K.L.:
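I am attaching a structure below and will ask some questions about it afterwards.
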Amino acid sequence: MSAQIVEGKSIAASVYAELKREIPELMHKTGRRPVLVSVYVGSNPAIEVYIRSQNRIARALGIEYRWYHLPDNADEREVLRRLHQLNTDPEVTGVILQLPLPSHLRRSVLVNAINPTKDVDGTHPENVGSVLIGEMRVGSCTALAVMRLLDATGIDMEGKEAVIVGHSELVGKPVSLMLLDRLATVTICHIATAKRGLLAEHVRRAEILVVAVGSPEVIRGEWVRPGAVVIDVGINQVGTRVVGDVEFAPAQERAAFMTPVPGGVGPVTVSMLMQNTVKAFRAQVSKGREAEFGVNRTE
Ligand code: NAP
């Protein structure tokens, strides 16, 4: 067997096609435009690549994209001031704080400072909590990308053995909750699983395998269950090559569907950021209209 490769680019293209229809309609109805603002602290070439690509894609869709670059030594108060300014600027409809941050800055303090209605990365505790209770407002872009890729395979997730490797707040945890919401039987593996030497045992059971570790080819191809769906989130630079967290060639021999690295989760994640930006914009303008027409809502 050789896995069908699930290409992220074509899935992202279909998301953009939907947004290209939706954005002009929303702009026409509201007389406003979605404005996405990126806050980047420090110096990280990978983040600069992401910002350039976000800017290019946003503009092609009709979303205005701006970014603020703060120096490596920016202190927390300075970043908080900038976030507060964006929170209160009525023109700005979406805010993304580029991660990772320099080590002297506390991620939780800064992420919590973003107005949850403008948090298009889905990292604010209110938005994270909405996923937990099954009433998602805005989800983590990478986790949404994983789900979109899984949906593209046509697999029925109900009752399936799903194994997630990695329990980060950005990827592993939200993916686990979203899979649970689809009634998959979810196992979450992490560093302690690996330390006990139990990773292979769990991976061998997985009908759905999602790996988000950040360690090149840490999942051996021979561990992959025949017929599994494998979503490899990892991006690792090894010399001049970019590889995933799963050993690609032998895993591809066994899996039914597999995402490539690069070209799998990455492009879909950017498309989910754009989708979240439009979702936040739509929610803000409809709230504005409710206020205008005197509609009271308790949330
Ligand atoms: P992270 O915050 O560093 O989390 C990595 C997770 O893997 C942690 O839960 C860690 O556990 C666990 N882990 C580390 N070594 C392990 C091992 N040997 N076996 C099992 N688990 C292990 O990273 P992240 O933000 O989730 O990102 C993971 C990878 O995905 C990175 O390569 C990143 O670049 C990539 N990524 C890609 C996209 C995309 O759009 N394609 C988006 C986001 C991230 P402990 O915390 O307990 O050590």
Side-chain angles (χ1 to χ4, degrees), residues 5-9 11-12 15 38 44-54 57 96-101 103 105-108 111 120-123 128 131 139-150 152 163-179 186-206 209-220 223-224 230-238 241-248 258-276:
I5 302 302
V6 191
E7 295 289 352
K9 267 197 175 164
I11 295 170
V15 175
S38 180
N44 179 332
I47 291 183
E48 285 167 26
V49 172
Y50 289 138
I51 289 178
R52 277 198 293 276
S53 118
Q54 288 168 7
I57 292 167
I96 177 169
L97 179 65
Q98 299 289 343
L99 301 172
L101 293 161
S103 56
L105 297 174
R106 289 172 297 173
R107 174 185 181 274
S108 61
V111 162
V120 290
D121 209 13
T123 46
V128 174
V131 179
S140 140
C141 299
T142 313
L144 289 171
V146 169
M147 298 308 290
R148 187 93 184 199
L149 286 153
L150 285 171
V163 175
I164 321 300
V165 188
H167 65 157
S168 70
E169 279 164 34
L170 207 60
V171 192
K173 282 183 190 168
V175 167
S176 311
L177 291 170
M178 289 178 196
L179 277 164
V186 180
T187 302
I188 308 166
C189 301
H190 40 72
I191 192 70
T193 321
K195 278 190 185 153
R196 280 199 66 204
L198 295 175
L199 208 48
E201 189 179 319
H202 288 292
V203 169
R204 283 197 170 100
R205 276 190 302 103
L209 175 65
V210 180
V211 188
V213 169
S215 180
E217 300 176 340
V218 65
I219 303 299
R220 306 259 296 274
W223 299 349
V224 170
V230 180
I231 309 290
D232 188 351
V233 182
I235 303 174
N236 309 287
Q237 188 79 42
V238 177
R241 287 189 318 139
V242 174
V243 300
D245 289 345
V246 182
E247 214 186 356
F248 188 81
M258 186 162 177
T259 56
V261 178
V265 178
V268 187
T269 299
V270 183
S271 75
M272 292 296 106
L273 173 66
M274 300 304 152
Q275 192 180 65
N276 279 349

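Computed from a prediction, not measured in an experiment: that's the story for all the values here. Just follow the structure's listing: the first ligand is 1, and inside any ligand the first atom is 1. Computed over heavy atoms, backbone and side chain alike; hydrogens, waters and symmetry mates excluded.
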K.L.:
With a 4.5 Å heavy-atom cut-off, do L150 and L179 have their side chains touching?
P.N.:
yes
K.L.:
Would you say V210 and S176 make side-chain contact, with heavy atoms under 4.5 Å?
P.N.:
no
K.L.:
Residues two or more places apart in sequence or in another chain: which of them pass salt bridge (charged side-chain N to carboxylate O under 4.0 Å, His left out) with R205?
P.N.:
E161
K.L.:
Contact residues of ligand 1 with a heavy-atom cut-off of under 4.0 Å?
P.N.:
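Ligand 1 is contacted, at a heavy-atom distance under 4.0 Å, by T142, V165, G166, H167, S168, V171, H190, I191, A194, L199, A212, V213, G214, V218, V233, G234, I235, V265, G266, T269.
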K.L.:
Could you state the interatomic distance from CG (N236) to CZ (R241), rounded to the nearest 0.5 Å?
P.N.:
10.5 Å
K.L.:
Considering all heavy atoms of both residues, which atom of C141 and which atom of D121 are nearest to each other, and what is their separation?
P.N.:
SG-OD1, 3.5 Å
K.L.:
Can you check whether T123 reaches E169 side chain to side chain, under 4.5 Å on heavy atoms?
P.N.:
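T123 does not reach E169 side chain to side chain.
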